[in-house]
Protein chains: 2
Amino acid sequence: MTDQLSKVFAALADPTRRDMVARLTVADATVGDLAEPYDVSLQAVSKHLKVLEEAGLVSRSREAQRRPVHLEAEVFDLMSKWIERYRRQAEERYSRLDAVLASLQEADSPTAEEGTAS
Amino acid sequence: MTDQLSKVFAALADPTRRDMVARLTVADATVGDLAEPYDVSLQAVSKHLKVLEEAGLVSRSREAQRRPVHLEAEVFDLMSKWIERYRRQAEERYSRLDAVLASLQEADSPTAEEGTAS
DNA sequence: GGCTTTGTCAACCAGTTGATTGAGTACGTC
DNA sequence: GACGTACTCAATCAACTGGTTGACAAAGCC
């Protein structure tokens with residue numbers, strides 16, 4: 001699991017991490033801020049943030065004792081591109097489906113389908 | 001990890017499974033077809049397909065001994081929506097950054113807006 | 001210098017994942 | 001009915017995950 005896309009998908013496969021990302025779109029936050037709504041230890045949240053950071057989804061700076069977490073929106077592009085590319089391909093294929101089916105039926109069955117009036 | 005979005009992201013976190021999805025955008029395929037390029041057992045591929053199926057990314061039918069695998073493109077929409085929603089939010093935030101910072105400073109100050117009429 | 005706040009690192013543990021092999025099922029063909 | 005093909009199920013295993021607690025580090029405050 002070395003490639004970034006795998007890391008990004010894996011990072012977002014966890015609902016808690018997705019929620020963190022969602023909240024970070026509103027504003028940067030500290031580890032404590034982020035941990036507050038969840039019923040887990042601060043260490044667990046710290047681990048989640050490490051996963052997000054290694055996926056390139058967030059970055060962290062230093063500000064006294066605090067480590068503000070910042071969303072890196074560019075990574076979304078990576079995912080979007082992957083998804084849109086294959087979605088488009090799939091849709092193109094389906095848009096050709098009728099034509100394919102039609103030609104198959106012509107070749108396949110010279111007679112009508114079941115239940116159709118003859 | 002019961003929600004579908006988690007399952008979809010988890011399913012696509014594996015490069016082999018992403019590759020399978022990519023190939024399925026071109027045409028439906030049997031388990032054997034899909035397994036051919038990879039250096040793993042057929043059973044392993046069968047497991048990958050089960051993961052993709054449970055995420056709703058593919059469906060399988062029966063055709064004699066074969067189990068053709070078909071890509072379900074609708075699930076891409078689920079992901080797209082999630083991603084685009086937060087990407088848009090994040091982008092909006094950055095474009096409004098100055099204003100946000102200003103309002104944050106205002107909100108910080110002790111004066112409240114509700115029921116302050118003395 | 002000592003205390004508090006904020007967060008990380010390390011060790012551990014149970015549960016999940018991705019792979020394997022071996023056995024078994026479903027279907028068509030001979 | 002025996003055989004081959006296409007595939008799935010079950011048991012097993014090492015590696016990874018997500019959580020825990022305890023100890024530590026880094027910065028500001030007294």
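The chains referred to below are lettered A, B, ... by the order of the sequence lines, with proteins before strands, and numbering in each begins at 1.
Remark: B:Arg23 does not engage B:Asp33 in a salt bridge, criterion side-chain N to carboxylate O under 4.0 Å. At a threshold of 4.0 Å, the pair B:Arg18-A:Asp3 counts as salt-bridged, since one of the basic side-chain nitrogens sits closer than that to a carboxylate oxygen.
Applying the 4.0 Å criterion to OP1 and OP2 of D:dA6, one finds that B:Thr30 has every side-chain N and O outside that range. Phosphate contact (OP1/OP2 of D:dT17, side-chain N/O of A:His48, threshold under 4.0 Å): absent. In this structure, B:Arg17 reaches the C:dG18 phosphate: one of its side-chain N or O atoms is under 4.0 Å from OP1 or OP2. Under 4.0 angstrom from either OP1 or OP2 of C:dA26 there lies no side-chain N or O belonging to B:Arg67. Here A:Arg62 does not reach the OP1 or OP2 of C:dT6: none of its side-chain N or O atoms lies under 4.0 Å away. Applying the 4.0 Å criterion to OP1 and OP2 of C:dA19, one finds that B:Ser41 has every side-chain N and O outside that range.
Atom P of nucleotide D:dT5 and atom CD of B:Glu36 are separated by 17 Å, given to the nearest angstrom. To the nearest angstrom, C1' of D:dG19 lies 15 Å from CG of A:Leu49. Residue A:Glu54 contributes atom CD, which lies 12 Å from atom P of D:dG18 at whole-angstrom precision. In this entry the distance linking OH of B:Tyr38 with P of C:dT20 reads 14 Å, nearest Å. Protein atom CD of B:Glu63 is 14 Å distant from nucleotide atom C1' of D:dT5, rounded to whole Å. Residue B:Lys7 contributes atom NZ, which lies 15 Å from atom C1' of C:dT17 at whole-angstrom precision. The CZ atom of A:Arg66 sits 12 Å away from the C1' atom of D:dA26 (whole-angstrom rounding). D:dC9 atom P lies 10 Å from atom CD of B:Glu53, rounded to whole Å.
Side-chain proximity of B:Ala44 to C:dA19, D:dC9, C:dT6: nearest is C:dA19.
Under 3.5 Å, the side chain of A:Gln43 and the base of D:dG18 form no donor-acceptor pair of N or O atoms.
Between A:Val45 and B:Val40, the residue anchored closer to the 5' end of DNA chain C is A:Val45, taking for each the nucleotide with the nearest heavy atom. If A:Lys47 and A:Arg60 are placed on DNA chain C by their nearest nucleotide, the residue sitting closer to the 5' end is A:Arg60. A residue-by-residue look at B:Gln65 and A:Val51 shows that B:Gln65 has its nearest nucleotide of DNA chain D further toward the 5' end. Comparing A:Asp39 and A:Ala64 by the nucleotide of DNA chain D that holds the closest heavy atom to each, the one mapping nearer the 5' end is A:Asp39.
With hydrogens and angles ignored, the 3.5 Å screen pairs a side-chain donor or acceptor of A:Gln4 with a backbone N or O of A:Ala55. A:Arg67 contributes a side-chain N or O that, together with a main-chain N or O of A:Ser61, makes up a donor-acceptor pair within less than 3.5 Å.
In this pair, B:Trp82 and B:Phe9 present their aromatic rings perpendicular. The plane angle is above 60°, beyond the 30 to 60° band.
Contacts of A:Thr16 with the nucleic acid, taken as non-hydrogen atoms under 4.0 Å apart, are absent.
With A:Ser59 as the partner, the side-chain hydrogen bond (donor to acceptor under 3.5 Å, both in side chains) test is satisfied by one option alone out of A:Glu72, A:Glu53, A:His70: A:Glu72.
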